[in-house]
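Here is the structure we will look at.
None of these values were measured; they are calculated from a predicted model. Positions are given from 1 along the sequence.
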Amino acid sequence: MSEPKPEVVTRALVQDVQLPADGGTLALVTLDNGHDHTKPNTFGLEGMAGLSAAVATLQQRAEAGEIVAVAVTGKPFIFAVGADLSGVPGVASREQALEIARAGHAAYAAIMDLPVPTFAFVNGAAMGGGVELSLACDYRTMSKAVPAIALPEVFLGLVPGWGGCYLLPRLVGPEKALKVIVENPLNTNRMLNGPAAAKLGLADALLDGADFLEQSIIWAAGVLSGETKVEREPVNDDAAVWEAAAAAATQLADAKTAGKSPSPYRAIELVQAARTAERDAAFAAEDEALADLLMGDELRAGLYSFDLVQKRAKRPAGAPDKSLARPVGKVGIVGAGLMASQLAMLFIRSLKVPVVMTDLDQERVDKGVAYVHGEIDSSLAKGKITQDKANQLKGLITGSTSKEGFADADFVIEAVFEEMGVKKKVWAEVEQIVTPECILASNTSSLSITEMASELQHPERVVGFHFFNPVAVMPLLEIIPGEKTDDAALATAFATGKGLKKTCILVKDSPSFIANRLLGRFMGEFSKIVDEGTPVEVANEGIAGLAPMPPLVLVGLVGPAIALHNSETLHRELGERFYVSPNLKALVEAGKRSYDDEGVAELLTAPESPVELTAQQVRERVLGVLAEEVRTMLDDGVAQAPMDIDLAMITGAGFQFWNGGLTPLLDREGVSEKVTGQRFLPKGVASVPA
């Protein structure tokens, strides 16, 4: 990880606003770091000191009777997104960590202690310390247009440590607070929008985005004059209610992390204590928790993950110079099934270019186009787009049973059956119609791009373009050059992927690429352990906290046939270390959709001489084979670096941030050195510096 960067200081700019009907003077504090919304407001030590100084001046003015209220808002589109985490790699002692925790609490406590009413006007995205700043105020308004509100600390391996664990449960009750503090972060960092946050009780008034600030000031004036009554649901302080909420959150943390990340448990303890704790004692307890976690490997791995997703993802390693990319003004899609329809929606929504879908018969084509129209209508109904925008998007999609519409396409992608013969036949047909410069992209999840292009006149324009399902949600796009793919085709693929707002990773043409290969090894070993006689619940316990869901649940999600195809491809291409489960085969042959289907138990064959492992033995064995596979992939140049393996597993398979994806976890548990003789990453990159 790079050296800590100098702080981008968020200033607290104060201006006086005269309230209507001679209501007096409101001091409006605007948080602004001087950059546009792409660089959100954050708080480092200097920014926090500036906020404290501004509040100290407001304290004097309030005591002197110069102001009747204080309000805090953000720059356009951004309220504040919390602590400036870029400085954490430089935090080398627990004392330094405590200083950061205490600085935030001191500033927020000073706001809470102002002798006049305080308001937060939450005008844009608010995370972590930004949400906690709003909680430190007496009243909150929120814009309906706010896209994201969250306390994501547990997702990274931290806790909300500037008042969140104390103030939120006392505002909305323990159950709702733990949903925001623990449940949402552990569900791959789920966010709330403005209306959802207001419904949970994080705001007293939900206002339109267009004239939000003006309406907030009018609303605040009404509260100050007594015309506007603020009603909140009272919080039940019955100990049993708080204990039940904590028990439910603990159960979820166990299922998601198996106790491997301390942060959710610390957060639950702090929330539980908030029922009876005095403010200063609660803040001191948050300081201690924050200091402990800042000096823990899970947070450092979480920040490593954050760095990958925020920075490395934007500059893909090994990609050719972007100036070589050709413009894409029209897209063709071969196929009109669910995957192809999702791709069509993505291309028209992100690139806003004409898209033509083709399939073998009119019924399939119509179904594909109807899917896209349905998605557009759904966005319109939710108010995400206007009627004009909906009409414009619908005008971009057409369907046909003929591929003639590809003649002027710059980019054609296929989403047909995962079989080499089918793919080759499709490309042979398409090549007769398209221009020699048109890129031919395959959404294959496992097949060789080199072989797919081998019989074409222009193999240099074929590239693998592997999306993950569901396409709209999963960020990863694996981009795979064949042996003859040229730099212009590859650069165009990367530019197109960027236009689609995907995390693009360069992958060597090899069986199942990065994410599916590692998932194949992971799920294969897991299936083998279960097939040999370890009960599923013991095996699940062994790998809890590694992937977002147990492997057999994942099989149900992707479909047993696809899971089997992936494991058979890997077994065929890479040999015995990739296990193909006879039980999975039986499931597919019987047409079952998941291991939970009726009648599945009768299909499964029990081992003749069962071998039953403990949860710990399961963990060691699964992590061991993953370490072996990662080392093989790096040695073979499948990925550019361990960072790309981790980025792929985070964005394509939902592996945990606080594990750093995969390689920091293998290093942390000593598996890398035990299995491969060396670490994947130097000490301190995704762990606490020695």
Side-chain angles (χ1 to χ4, degrees), residues 5 7-20 26-44 46-48 50-51 54-55 58 69-86 107-108 111 118-137 139-152 162 191-198 202-221 310-311 314 349-350 352 379 382-386 389 501:
K5 304 224 172 16
E7 181 182 335
V8 176
V9 180
T10 295
R11 311 248 175 238
L13 310 170
V14 184
Q15 66 187 104
D16 286 355
V17 176
Q18 296 312 310
L19 294 171
L26 171 127
L28 179 66
V29 180
T30 302
L31 305 171
D32 193 344
N33 63 4
H35 295 264
D36 70 8
H37 66 279
T38 58
K39 205 181 224 5
N41 295 328
T42 54
F43 290 117
E46 198 181 326
M48 217 27 117
L51 178 64
V55 173
L58 294 171
V70 171
V72 184
T73 193
K75 66 182 184 180
F77 308 112
I78 302 288
F79 183 71
V81 299
D84 174 10
L85 297 173
S86 64
Y108 291 3
I111 292 169
T118 53
F119 298 82
F121 299 155
V122 184
N123 63 309
M127 317 263 167
V131 172
E132 290 169 303
L133 173 57
S134 76
L135 295 171
C137 296
Y139 306 98
R140 285 155 292 285
T141 63
M142 193 168 286
S143 163
K144 288 178 186 172
V146 170
I149 299 277
L151 289 171
W162 284 344
M191 304 270 164
L192 300 164
N193 61 16
L202 272 79
D204 299 307
L206 186 66
L207 305 171
D208 278 331
D211 54 353
F212 172 72
L213 188 57
E214 195 183 332
Q215 291 304 318
S216 292
I217 291 167
I218 292 168
W219 184 85
Q310 293 294 315
K311 295 177 185 157
K314 293 180 173 59
R349 189 177 270 156
S350 301
K352 299 176 179 57
S379 290
K382 289 175 186 162
K384 289 181 178 176
I385 54 171
T386 61
K389 186 79 184 160
K501 301 179 179 62

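The shortest heavy-atom contact between Thr118 and Cys137 is OG1-CA, 3.3 Å. Nearest heavy-atom pair, Leu206 versus Pro195, reported as atom, atom and distance to 0.1 Å: CD2-CA, 3.7 Å. Residues Ala220 and Phe121 come closest through the heavy atom pair CB-CZ, 4.0 Å. Here the closest heavy-atom approach between residue Ser143 and residue Gly209 is recorded as OG-CA, 3.5 Å. The two residues Ala12 and Gly50 come nearest to each other via the heavy atoms CB-O, 4.5 Å. In terms of heavy atoms, Pro76 sits closest to His37 at O-CB, 3.9 Å.
Taking OG1 of Thr73 as the start and CG of Asn123 as the end, the distance is 3.5 Å to the nearest 0.5 Å. Rounding to the nearest 0.5 angstrom, the gap separating the OG atom in Ser216 from the CZ atom in Phe119 is 10.0 Å. Of the inter-residue distances, the one linking Leu133 atom CG with Ile111 atom CD1 reads 5.0 Å to the nearest 0.5 angstrom. Expressed to the nearest 0.5 Å, how far CG of Leu192 lies from CE of Met142 amounts to 9.0 Å. Atom OG of Ser134 is separated from atom CZ of Arg140 by 6.0 Å, given to the nearest 0.5 angstrom. Taking NZ of Lys384 as the start and NZ of Lys389 as the end, the distance is 14.5 Å to the nearest 0.5 Å.
A donor-acceptor distance shorter than 3.5 angstrom exists from the side chain of Asn41 to the backbone of Leu31, with no hydrogens or angles considered. With Gln215 contributing its side chain and Leu207 its backbone, the two residues share no donor-acceptor pair below 3.5 Å. Side-chain atoms of Asn33 come within 3.5 Å of backbone N or O of His35 as a donor-acceptor pair. With hydrogens and angles disregarded, a donor-acceptor distance shorter than 3.5 Å links the side chain of Glu7 to the backbone of Gly47. Checking side-chain atoms of Tyr108 against main-chain N and O of Gly129 turns up a donor-acceptor pair under 3.5 Å. Side chain of Lys75 to main chain of Asp36: a donor-acceptor pair is present (N/O by atom type, distance under 3.5 Å, no hydrogens or angles).
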**OP:** Would you check, one step at a time, whether the test side-chain contact (heavy atoms from CB on, under 4.5 Å) holds for Glu132 with Leu151?
**Re:** CA-CA 8 Å; Glu132 290 169 303; Leu151 289 171; 4.2 Å; yes

**OP:** Any chance you could lay out the side-chain contact (heavy atoms from CB on, under 4.5 Å) test for Phe212 and Thr141, step after step, and finish with the verdict?
**Re:** CA-CA 9 Å; Phe212 172 72; Thr141 63; 3.3 Å; yes

**OP:** Could you go through the side-chain contact (heavy atoms from CB on, under 4.5 Å) check for Met48 and Trp162 one step at a time?
**Re:** CA-CA 12 Å; Met48 217 27 117; Trp162 284 344; 3.4 Å; yes

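Using a 4.5 Å heavy-atom cutoff, the side chains of Trp219 and Asp204 are in contact. Side-chain contact between Val72 and Leu51 is absent, with no heavy-atom pair separated by less than 4.5 Å. Looking at heavy atoms from C-beta onward, Ser379 lies in side-chain contact with Arg349 at the 4.5 angstrom threshold.
Listed by chain and number, the residues in a side-chain hydrogen bond (donor to acceptor under 3.5 Å, both in side chains) with Glu46 amount to none (sequence neighbours excluded).
We find that Arg11 and Asp32 are not joined by a salt bridge, their nearest charged nitrogen and carboxylate oxygen being 4.0 Å or further apart.
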